[in-house]
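Beneath this line is the structure, given in structure tokens, with notes to follow.
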Amino acid sequence: MINANELYGQGFKRGLMPDPEMMVSDWADKNRHLSQKSSAEPGRWRTERTPYLREIMDCLSPVSPHQRVVFMKGAQIGGTEAGQNWIGYTVHLAPGPMMIVQPTVETAKRWSKQRLAPMIDDTPAISRLIKAPRERDSGNTVLTKEYQGGVMIITGANSAVGLRSVPVMYLFCDEIDGYPSDVEGEGDPVSLAEVRTGTFSRKKIFLVSTPTIKGFSRIEREYEDSDKRKYHVPCPFCDHYQQIIWDRIKWPKAMDGTPQLDDIAYQCSRCEKLIPDHHKTDMLARGQWVAEAPGPGKSAGFHLSSLYSPLGWVSWAKIAAEFIEAKKDTELLKTWINTRLGETWEEEGEQPDDNYLFSRREDYGPEIPAGGVVLTCGADVHPDRIEAEVVAWGIGQESWSITYEVFRGSTSEQEVWKELDDFLMQEWRHVSGVPIRIACACIDSGDQTQEVYMFVKPRQMRRVFAVKGSSIAGHPLVGRPSKNNIGGVQLFSIGTDTAKDVIYGRLKIADPGAGFMHFPTGYDQEYFLQLTAEKIVTKMVKGFPVRAYKLTRERNEALDVRVYALAALVILNADMDKVAENLQKKAEEIAKNKTEKPKARTPVKRTGFVHRWKS
Ligand SMILES: [Zn+2]
């Protein structure tokens, strides 16, 4: 027997008379208002708009026996809103200590300001319970909300202190695939947070995420251990219940092969009739969750792709258009599979083939090829030498390696630095005749830290920066610079694994265009051995699989310097179309000046865009 007093705890005591039948979805329909600030469809919340969320939210209701709810999802289906409705419900009707975990403290702050604050402001049922943070003694900050009978702690999975702070009855872990595998040496952040719920018999744990890579995805692991529910919807023609799967989304093609996405439809797995997406609203309303692996003691697990996104949010046509674009590029395809299908990406786990890359070297002469419009440099500093690469970048980050130099000499002496400086100041010639300089350079400060700081300090104005590698999974390719170092220089942290993912993904691209990497004929076998020196492996850390790059050959400098050259491009953050346009203008001027001289009458080829220069 459940005692209502125990069930509703503080909410009951403070004189509220909660309806024992009240579910989170009913509460949301009655009380939740969607803010203009954070919602595409402001106004009253209607569960019927996203009917698949009803069962998920109701598993989070106190009357449901489930303690753990897992939601593996695609983007734009309202997953975060389900969590917010649950938060609103507990604040209002079943208060208790609650913790909300986002991937980092930074994203936690953003989530609190952009998602939570507007919900509190626009939902009177809870705004009267949580004092505005500007009021004195409100007990409220961006990361802490106090209210009668409860407290809400918002923290990041990168903060062990935050995760250990208080015992909690409710735990909401959002975007768990973005969490570090190990938080400050204390192990898995989800486990660390879950330990805090230990003493509460009425606890609820909600784990939500878009999945990432197969074998490493937390949400997939959680889903696989759950009762594995899938949403089945009826065919409007034959009434057969089925999941909406990508393989059955069809669109016709024109004679020339152009996809006709206006006529996109879902093909029923039984009657094979084509179902256009205006039927979706009715199909979703009649849909039901089917557990594939029911069993006692299991978490309630839900999987839903963006193909279920309600009419007016993200259409099948839009998802298909994204797919057609994404399949040209491994990185884009990976993101598409994760965020649209809500599925993990299966990594081949292999090393790029150095022989293949060696065999496809090209002779593009001493000048910067037409497509390359921005130059960056990456440099790796050792006690006895500095290795540096200059890379030309074009539209879609297509790249051309221009040169790879090794400056020999002790890096505690001035001479080798002078050589590097001259190299960085050098003017390069674009094939159009326009001279260009290195726009940004990144120098690794991991080894010879003092010397690197001294070198970059007077050169930061020229965008010569010190960088430091971080192999934390999910670290952004370039983090915000910090000045908190002995040299007082701007130090950028580089997500080396993130950068290597980008580079290895691009080495798989076989045809010139976005992301493709070109190499000149002058490069030897050793260069390609170094570039492909690392392999993605699985390491077990405290019982959890962790994805890591492992050195398989003695040297990997070519890969390291490419990471820094790529980071320099990210720091530069240039509008490539604009840069290309400016370069084109300069090239035309040079060509004009030439033709004005009577003897050199070379015709000027006028084309609109730089990426067409090749034709
Ligand atoms: Zn049918």
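As a basis for the values below, the full set of heavy atoms in this structure was taken, side chains included, without hydrogen atoms, waters or symmetry mates.
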T104 side chain near K109 side chain, heavy-atom distance below 4.5 Å: no
Set of side-chain hydrogen bond (donor to acceptor under 3.5 Å, both in side chains) partners for S399, sequence neighbours left out: R562
Minimum heavy-atom distance S306-I319, with the two atoms named: O-CD1, 3.6 Å
R229 to H66 - nearest heavy-atom pair and separation: NH2-NE2, 3.2 Å
Any residue meeting side-chain hydrogen bond (donor to acceptor under 3.5 Å, both in side chains) with Q288, in chain and number order, not counting sequence neighbours: none
T50 to P310 - nearest heavy-atom pair and separation: CG2-CG, 3.8 Å
Residues E106, R110: salt bridge by 4.0 Å N-O rule: no
For H475, ring pair (Phe, Tyr, Trp, His ring centres under 6.0 Å) partners two or more places apart: none
Salt bridge (charged side-chain N to carboxylate O under 4.0 Å, His left out) partners of residues 239-251, not counting sequence neighbours, each pair once: D239-R286, R248-E272
Distance-minimising heavy-atom pair for H303 and G342: NE2-O, 2.9 Å
Point-to-point distance, once rounded to the nearest 0.5 Å, from OG1 of T344 to CE of M72: 6.5 Å
Point-to-point distance, once rounded to the nearest 0.5 Å, from OG1 of T90 to CG of L60: 9.5 Å
Test side chain to side chain contact (heavy atoms under 4.5 Å, CB included) applied to P189 and N158, V183, D182, the passing residue: V183
Parallel, tilted or perpendicular: ring planes of W316 versus Y266, cut at 30 and 60 degrees: tilted
For R270, side-chain contact (heavy atoms from CB on, under 4.5 Å) partners two or more places apart: C238, H240, C268
Test ring pair (Phe, Tyr, Trp, His ring centres under 6.0 Å) applied to Y179 - qualifying residues, sequence neighbours left out: none
Where at least one partner belongs to residues 291-303, residue pairs that pass salt bridge (charged side-chain N to carboxylate O under 4.0 Å, His left out), sequence neighbours excluded: K230-E292
Axial cation check for Y549 ring with K500, 6.0 Å and 45° limits: yes
Set of residues satisfying side-chain hydrogen bond (donor to acceptor under 3.5 Å, both in side chains) with respect to S217, sequence neighbours excluded: D177
Check ion pair R218-E222 (N to O, under 4.0 angstrom): no
Residues K550 and E534 bridged, charged N to O under 4.0 Å: no
Contact summary for P352 and L507, nearest pair of heavy atoms: CG-CD1, 3.8 Å
Residues that D575 engages under side-chain contact (heavy atoms from CB on, under 4.5 Å), provided they are two or more places apart: D577, K578
Under 3.5 Å donor-acceptor, Y170 side chain and P95 backbone: no
Stepwise ring pair (Phe, Tyr, Trp, His ring centres under 6.0 Å) test for F302 and Y223: CA-CA 7 Å; F302 300 87; Y223 181 76; 8.7 Å; no
L332 side chain reached by K334 side chain, heavy atoms, under 4.5 Å: no
T47: side-chain contact (heavy atoms from CB on, under 4.5 Å) partners, not counting sequence neighbours: S25, D29, W45, R54, M57
Heavy-atom pair of closest approach, residues R49 and L311: NH2-O, 2.8 Å
Qualifying residues under side-chain hydrogen bond (donor to acceptor under 3.5 Å, both in side chains), relative to N85, sequence neighbours excluded: R32
Test item: side-chain donor near acceptor, R202 and Q67, under 3.5 Å: no
Candidate pair W336 and W345, rule ring pair (Phe, Tyr, Trp, His ring centres under 6.0 Å), full reasoning: CA-CA 9 Å; W336 184 87; W345 167 258; over 10 Å; no
Worked verdict on K214 versus E343 for salt bridge (charged side-chain N to carboxylate O under 4.0 Å, His left out): CA-CA 9 Å; K214 193 160 205 75; E343 289 172 10; over 6 Å; no
Aromatic ring pairing F206/F172, orientation class (parallel under 30°, perpendicular over 60°, tilted between): parallel
H279 ring center near F237 ring center (under 6.0 Å): yes
Set of side-chain contact (heavy atoms from CB on, under 4.5 Å) partners for E325, sequence neighbours left out: K328
